[in-house]
J.: 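Dropping a structure here in structure tokens format, bear with me for questions.
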Amino acid sequence: MAQRKLGRTADQRKALIRNQVTNLIWYGRIETTEARAKEVRRAAERLITLAVQECDNTVTVTKETHNDKGQLMTIEAINDAPSKLHARRIIMSYLYELKDVQRADEDKKDWKERTKDVKYPVVEKLFREIGPKFKARNEEKKCAGGYTRIYKLGPRRGDAAEMCLIEII
């Protein structure tokens, strides 16, 4: 499949698209040029489709372990199914890792408590928020795809490049 070159070498182009897709998923919208927005849309739609297909694919397992006192304990855990784990690894290999920032209205203890079990917040946002939302939308409308929207904003002042706002619907 052919792609736009965006006036950059291959490694710069791939890094640019990965960065913009990561920021699009994390913030919900970004402002960029029209050519970049169309490339970001291609990559983002693929990742969101993968998350929609695998967001509910989990397995409940029971483990029997001995605690510190030597007593037998039964623990139920919810794990990813093999196909969801594969999808998660594909998405993790593409997206950059962003750290969740501390909100203005929370102290350090609350922030640590909120983020202690989330190792990759962008991937978790994709599987916990975006995937289920679009899965419900796809079932309701009986369609798939079309997860992003591009608004044209007009030419940029410096070089008259067509600017766009791309957002997740």
J.: Minimum heavy-atom separation for Ala44 and Leu24, please, with both atom names.
T.: CB-CD2, 3.8 Å
J.: For atom CZ of Arg4, decide whether the heavy atoms of other residues, nucleotides or ligands shown that lie under 6.0 angstrom number more than 12.
T.: yes
J.: Do Ile168 and Phe134 have side chains that get closer than 4.5 Å, going by heavy atoms?
T.: yes
J.: Any side-chain to backbone donor/acceptor pair from Arg149 onto Ile169? Under 3.5 Å, distance only.
T.: no
J.: Which heavy atom of Trp111 sits nearest a heavy atom of Glu106, and at what distance?
T.: CD1-OE2, 3.5 Å
J.: Salt bridge or not for Glu97 and Lys99, using N-O below 4.0 Å?
T.: yes
J.: For the hydrophobic clusters of this structure (ILVMFWY residues joined by side-chain heavy atoms under 4.5 Å, transitively), does one cluster hold both Ile166 and Tyr96?
T.: no
J.: Heavy atoms only: give me the nearest Gly70-His66 pair and the separation to one decimal.
T.: O-ND1, 3.5 Å
J.: Applying salt bridge (charged side-chain N to carboxylate O under 4.0 Å, His left out), which residue pairs with at least one partner in residues 57-78 are found, sequence neighbours left out?
T.: none
J.: Answer yes or no: does atom CZ of Arg29 have more than 12 heavy-atom neighbours from other residues, nucleotides or ligands under 6.0 Å?
T.: no
J.: Between OG1 of Thr22 and OH of Tyr27, what distance do you get to the nearest 0.5 Å?
T.: 10.5 Å
J.: Checking Gln20 against Asn23: is there a side-chain donor and acceptor pair closer than 3.5 Å?
T.: no
J.: Any donor and acceptor pair, going by atom type alone, linking the side chain of Tyr147 with main-chain N or O of Gly145 inside 3.5 Å?
T.: yes
J.: Counting C-beta onward and ignoring hydrogens, is there a side-chain heavy-atom pair between Phe127 and Glu54 closer than 4.5 Å?
T.: yes
J.: Which residues pass the side chain to side chain contact (heavy atoms under 4.5 Å, CB included) test with Ala10, not counting sequence neighbours?
T.: Arg13
J.: Minimum heavy-atom separation for Cys55 and Gly131, please, with both atom names.
T.: SG-C, 3.9 Å
J.: Rounded to the nearest 0.5 Å, how far apart are CG of Asn138 and CD of Gln53?
T.: 9.5 Å
J.: List the steps and the verdict of salt bridge (Lys or Arg N to Asp or Glu O under 4.0 Å) for Lys135 and Glu140.
T.: CA-CA 9 Å; Lys135 188 168 193 162; Glu140 177 187 315; over 6 Å; no
J.: What distance separates Ile48 CD1 from Lys133 NZ, expressed to the nearest 0.5 Å?
T.: 8.5 Å
J.: Distance check, rounded to the nearest 0.5 Å: Cys164 atom SG versus Arg41 atom CZ?
T.: 9.5 Å
J.: Working note: Lys38 + Glu34, criterion salt bridge (Lys or Arg N to Asp or Glu O under 4.0 Å); need CA distance, chi angles, decisive distance, verdict.
T.: CA-CA 6 Å; Lys38 288 179 180 180; Glu34 185 177 5; 3.4 Å; yes
J.: Side chains of Glu167 and Thr148: any donor to acceptor distance under 3.5 Å?
T.: no
J.: Run the salt bridge (Lys or Arg N to Asp or Glu O under 4.0 Å) test against Lys116 and tell me which residues pass, sequence neighbours left out.
T.: Glu113
J.: Quick one: CD1 on Ile90 to CG on Leu50, what's the gap to the nearest 0.5 Å?
T.: 5.5 Å
J.: Please identify each residue that fulfils salt bridge (Lys or Arg N to Asp or Glu O under 4.0 Å) with Arg36, with sequence neighbours left out.
T.: none
J.: Can you list the residues that meet the side chain to side chain contact (heavy atoms under 4.5 Å, CB included) rule with Thr9, with sequence neighbours excluded?
T.: Asp11, Gln12
J.: Quick one: does Lys125's side chain have a donor or acceptor within less than 3.5 Å of a partner on Trp26's backbone?
T.: yes
J.: Go through the steps to decide whether Leu126 and Tyr120 satisfy the test side chain to side chain contact (heavy atoms under 4.5 Å, CB included), and finish with yes or no.
T.: CA-CA 10 Å; Leu126 198 56; Tyr120 301 100; over 6 Å; no
J.: If hydrophobic residues (ILVMFWY) are linked whenever their side-chain heavy atoms come closer than 4.5 Å, directly or via other members, who joins Tyr151 in its cluster?
T.: Leu153, Met163, Leu165
J.: With side chains defined as the heavy atoms from C-beta onward, is the minimum distance between Val21 and Leu95 less than 4.5 Å?
T.: yes
J.: Within the side chain of Glu45, is there an N or O that forms a donor-acceptor pair under 3.5 Å with the backbone of Arg42?
T.: no
J.: Going by heavy atoms in the side chains, are Val123 and Ile25 under 4.5 Å from each other?
T.: no
J.: Mind checking the CG-CG spacing from Leu85 to Asn79? Nearest 0.5 Å is all I need.
T.: 9.5 Å
J.: Do Thr33 side-chain atoms and Glu162 backbone N/O form a donor-acceptor pair below 3.5 Å?
T.: no
